[in-house]
There are 2 protein chains.
Amino acid sequence: MFEHTSRHNNNDETVLPIPSNNETSYFDESWTEDDLKQIIRKMNLKVTPQRILILQTLHEGRVHITAQELYEKVQKINSDVGFATVYRFLKGMAESRVVTELRMGSMPTRYELTPKKHHDHMTCTACGKIVEFQNKNIEDHQEKVAKQYGFKLTHHVLELYGICTSCQMKK
Amino acid sequence: MFEHTSRHNNNDETVLPIPSNNETSYFDESWTEDDLKQIIRKMNLKVTPQRILILQTLHEGRVHITAQELYEKVQKINSDVGFATVYRFLKGMAESRVVTELRMGSMPTRYELTPKKHHDHMTCTACGKIVEFQNKNIEDHQEKVAKQYGFKLTHHVLELYGICTSCQMKK
DNA sequence: TTCTAATTGAAAATGATTATCATTACTAGT
DNA sequence: ACTAGTAATGATAATCATTTTCAATTAGAA
């Protein structure tokens, strides 16, 4: 399939319907249990074994993951974690901007630990593949538009949709 | 949460997530029955009274409408139209790009007749005001990114979020 | 340790969307 | 205009992700 070791690599791709498990985290550093606890406390939430496990699994696992996938992964490690807890925690983390929700088309919501460096997504509507990209020119022009209307930008959502190379050839 | 504080209806601008009902169509021209039929035929769909009614109601009604709202509106005119038909037809029209799906946050999908001149949205996170804008430079750079990864773009979603002038002055 | 509110898991509920299927009705070809 | 063939329809059930409920458990402050 394809290699992906870091999000700094321009070639990193994510395949959605049949997720490739060789994706690694955006974050090279490993998190100690204390790191995990601190992150949870910063959200004004209590530290529980479930939350530690969920956050750890999220950090170590694939970049774009659904709540369901994360639940199944966590289940294998500790079957005492219910999916309601996974959903609840993910939602809480999204509110605290610790994770970012990705709603691509009508596919189930995917989550990623909010990356330090901003990037946008381009999705293949045929196979669900996601390509991440950064483009300073686009960002610059967005700022120009904002200035033109007197807005002070806080964030943005840019999602490109199209057909990837291999799907173009298939049909 | 933003969901509960963004419903200020400033003026005649679009306000989310519960848009004002005095919104008018993008399209000034009225469509004759023949116009409607032609549009449907162009989608390779058969002309039926239901589809004519749905399309007509969509054209005459508010800009951003949910499938449910459209169904209820159509029901009042002809109760022989089922909501499955409304959903199916909207989905078909979305596929043919006759309408555009708008997924704002986690609210139900809203539909708009695809405007001839493409535009994107810039939303004030304080008051919910929406500004529509066009920027060819951004579009061009999007194409460049797509080309770079071998994608053939079909569409995109660009939403800018920030604070508008008046909200900046308020504090 | 004790207390209390936060958290949990299982299950049920919700809400939007999609599929099923018997019936109806467009429309191309005669 | 007539028919055959197939697309479209509406009522209903099914699906799917997500949210809520609630009784039992647990974290963490006092």
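Sequence lines set the chain letters: A, B, ... in the order given, protein chains first and strands last, and positions in each chain run from 1. Computed from heavy atoms alone, side chains included, the values below leave out hydrogens, waters and symmetry copies.
- Distance CD1 (I54(A)) to P (dT7(C)): 12 Å, rounded to an integer number of Å.
- Taking a 6.0 Å sphere around CD of E72(A), one finds it holds more than 12 heavy atoms contributed by other residues, nucleotides or ligands.
- Listed by residue number, the members of residues 88-100 of chain B with any heavy atom below 4.0 angstrom from DNA chain D are R88(B).
- dA16(C) atom P lies 11 Å from atom CD of E69(B), rounded to whole Å.
- Between H118(A) and H155(A), a ring centre-to-centre spacing not shorter than 6.0 Å is recorded.
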Determine, stepwise, if the pair H64(A) / E112(A) fulfils side-chain hydrogen bond (donor to acceptor under 3.5 Å, both in side chains).
CA-CA 5 Å; H64(A) 307 109; E112(A) 62 178 6; 3.2 Å; yes

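- The separation between E33(B) atom CD and dC26(C) atom P is 12 Å, rounded to whole Å.
- Ionic pairing of E159(A) and R103(A) is not present here: no N-O contact between side-chain nitrogen and carboxylate oxygen is shorter than 4.0 angstrom.
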Any N/O pairs under 3.5 Å between the protein and nucleotides 27-30 of chain C? List them or say none.
{"unit_1": "dT27(C)", "atom_1": "OP1", "unit_2": "V47(B)", "atom_2": "N", "d": "2.9"}

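- Between P49(B) and S79(A), the residue anchored nearer the 5' end of DNA chain C, judged by the nucleotide with its closest heavy atom, is S79(A).
- Between H59(A) and W31(A), the ring planes are parallel. Angles under 30° get that label, and only those over 60° would be called perpendicular.
- Across the protein-nucleic acid pair, I52(A) atom CD1 and dT8(C) atom C1' stand 15 Å apart, rounded to whole Å.
- Rounded to a whole Å, the OH atom of Y71(A) is 16 Å from the C1' atom of dT19(D).
- The CZ atom of R51(A) sits 13.5 Å away from atom CG of L36(A), with the distance rounded to the nearest 0.5 Å.
- The separation between M43(A) atom CE and dA6(C) atom P is 17 Å, rounded to whole Å.
- The side chain of A84(A) lies closest to dA11(C), out of dT9(D), dC26(C), dA11(C).
- At the phosphate of dT9(D), OP1 or OP2 sits under 4.0 Å from a side-chain N or O atom of R51(B).
- Atom CZ of R103(A) is separated from atom P of dA16(C) by 14 Å (rounded to the nearest Å).
- With values rounded to the nearest 0.5 angstrom, R97(B) atom CZ is found 8.0 Å from T114(B) atom OG1.
- At the heavy-atom level, T66(B) lies nowhere under 4.0 Å from the strands shown.
- Taking every heavy atom of both residues into account, V145(B) and N135(A) meet most closely at CG2-ND2, 3.3 Å.
- For Q50(B) and dA25(C), the CD to C1' distance is 9 Å, given to the nearest whole Å.
- Regarding contacts with the backbone of dT18(D), a side-chain N or O of Y87(A) is found under 4.0 angstrom from either OP1 or OP2.
- Here the nucleotide nearest the side chain of F83(B), chosen from dT12(D), dT9(D), dT18(D), is dT12(D).
- The two atoms that bring E132(B) and Y149(A) nearest to each other are O-OH, 3.6 Å, heavy atoms only.
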